[in-house]
Amino acid sequence: MADQQVATGGKLSGSGNAGLFMGVLLCLASMSSIQFGAAFSATAIDAYGPSTTTFLRLVMAAAVLALIVRPPMRSYSREQWKSALALGVTMAAMTLCFFAAIDRVPLGLVVAIEFLGPLAVATWGLGGWRLVWPLAAFIGVVLLSHDGEGWVGDPVGVLFACGAGVGWGTYIVLMKKSGKLFKGLEGLSMSLIVAATAAAPFGLARAHEAMSPEGLGMMLGLALLVPLVPYALEMIALRRMPMSAFGILMSLEPALGALAGFLVLSQPMTPWQMLGTGLVVAASAGVTSGGNGDA
């Protein structure tokens with residue numbers, strides 16, 4: 001996730017190379033948790049539908065984090081509440097679109113399309129030759145969309161993936177503001193509560209189907225995989241490595257999404273699709289390394 005802030009101004013706070021190495025491991029663990037969590041969601045989606053899976057996962061995540069953080073709701077200002085509401089609704093829309101997309105389109109393609117959102121945010125204001133990176137990412141998505149025999153997924157699934165990308169780009173902008181208004185994880189906690197509430201009209205109707213030890217256990221596991229564990233890992237990682245290194249590492253996310261889709265969901269990729277994934281990864285890394293370093 002690209003919403004963290006670095007209190008150390010981008011410098012290493014760990015003990016030299018050891019701190020950087022640990023930061024890299026934490027980043028890889030975070031991205032793996034996100035992408036394999038998305039892949040493992042397929043079972044819940046098949047059983048309860050994407051909307052109910054989204055709703056219950058957000059409810060579980062909000063409840064766990066609220067118990068840990070205990071946000072002082074009565075003390076928040078009007079501006080803080082507006083920030084939490086905007087971010088929470090965005091998180092709900094983004095997650096609903098993402099789960100609806102992976103129900104219809106291979107995970108690797110969904111993640112690549114979704115990645116166009118934060119890539120657009122990162123390239124905003126850049127000019128000159130750097131505009132080649134968005135073009136490379138678009139070509140990569142086109143290559144991913146064809147399996148050698150035909151176009152994969154369906155138009156509705158692709159539209160949902162595009163919606164998730166818009167949501168992710170908006171999420172980054174709103175989370176930066178939230179990080180300035182709230183202490184620690186309070187902003188995330190409040191936003192998750194709002195997100196769960198916003199997703200209720202879409203997922204509440206079938207929620208009773210998951211009211212069993214197996215169903216609730218599955219949802220709790222998904223909530224831990226995304227976003228609770230990744231967020232904590234990234235917070236620790238950012239204290240141990242420069243922001244530029246963090247951003248480049250996070251560019252590997254589309255590749256990990258493709259790997260998770262292959263290992264968990266048996267979604268193979270052709271050489272051209274692998275090339276497409278590589279182009280999206282290269283575009284994200286290129287924008288990150290060529291930017292001004294701000295997060």
Open item on the list: Can you confirm whether more than 12 heavy atoms, excluding those of F262, are under 6.0 Å from its CZ atom?
Closed with: no
TODO: Count the heavy atoms belonging to other residues, nucleotides or ligands that lie under 6.0 Å from CH2 of W272, then report whether that count exceeds 12.
DONE: no
Taking the side chain as C-beta and beyond, is there a heavy-atom pair between [X] and [Y] under 4.5 Å?
X	Y	result
L259	Q35	no
I193	M73	yes
V110	V158	no
E186	R70	no
L252	V281	yes
S51	L96	yes
F202	P50	no
Q273	P106	no

Is there a donor-acceptor pair under 3.5 Å between the side chain of [X] and the backbone N or O of [Y]?
X	Y	answer
T53	A44	yes
R57	L222	no
S178	L174	no
T270	D147	no
S191	G187	yes
T52	G49	no
T90	A86	yes

TODO: Flag the pair F160 / F99 as yes when their ring centroid distance falls below 6.0 Å, and as no otherwise.
DONE: no
- [ ] Report yes if the distance between the aromatic ring centroids of W168 and F98 is under 6.0 Å, otherwise no.
- [x] no
Closest heavy-atom contact between [X] and [Y]?
X	Y	value
F115	S284	CE2-OG, 3.0 Å
S266	P268	O-CD, 3.1 Å
L181	Q80	O-NE2, 2.7 Å
L107	G261	CD2-N, 3.9 Å
P71	Y76	CB-OH, 3.3 Å
A101	A161	CB-N, 3.6 Å

Task: Pair L216-M60, side-chain contact (heavy atoms from CB on, under 4.5 Å): steps then yes or no - done: CA-CA 9 Å; L216 293 175; M60 292 285 188; 3.7 Å; yes
With hydrophobic residues grouped by side-chain heavy-atom distances under 4.5 Å, do [X] and [Y] end up in a single group?
X	Y	answer
L58	V194	no
M91	V69	yes
V132	I139	no
V105	V156	no
V64	M190	no

Task: Test side chain to side chain contact (heavy atoms under 4.5 Å, CB included) applied to T54 and V59, I45, T95, the passing residue - done: T95
What distance do [X] atom [atom1] and [Y] atom [atom2] have between them, rounded to the nearest 0.5 Å?
X	Y	atom1	atom2	answer
S41	L265	OG	CG	9.5 Å
C162	L116	SG	CG	7.5 Å
L144	I113	CG	CD1	8.5 Å
L256	S32	CG	OG	5.0 Å

Open item on the list: Between E79 and K82 (salt bridge meaning N to carboxylate O under 4.0 Å), is one present in this structure?
Closed with: no
Task: side-chain contact (heavy atoms from CB on, under 4.5 Å) between L109 and S145, intermediate numbers included - done: CA-CA 7 Å; L109 176 57; S145 301; 3.6 Å; yes
Task: Steps toward side-chain contact (heavy atoms from CB on, under 4.5 Å) verdict (F36, L225) - done: CA-CA 8 Å; F36 280 88; L225 283 172; over 6 Å; no
- [ ] Decide side-chain contact (heavy atoms from CB on, under 4.5 Å) for V111 and V280; before the verdict, give the C-alpha distance in whole Å, the side-chain angles of both, and the deciding distance to 0.1 Å.
- [x] CA-CA 10 Å; V111 176; V280 176; over 6 Å; no
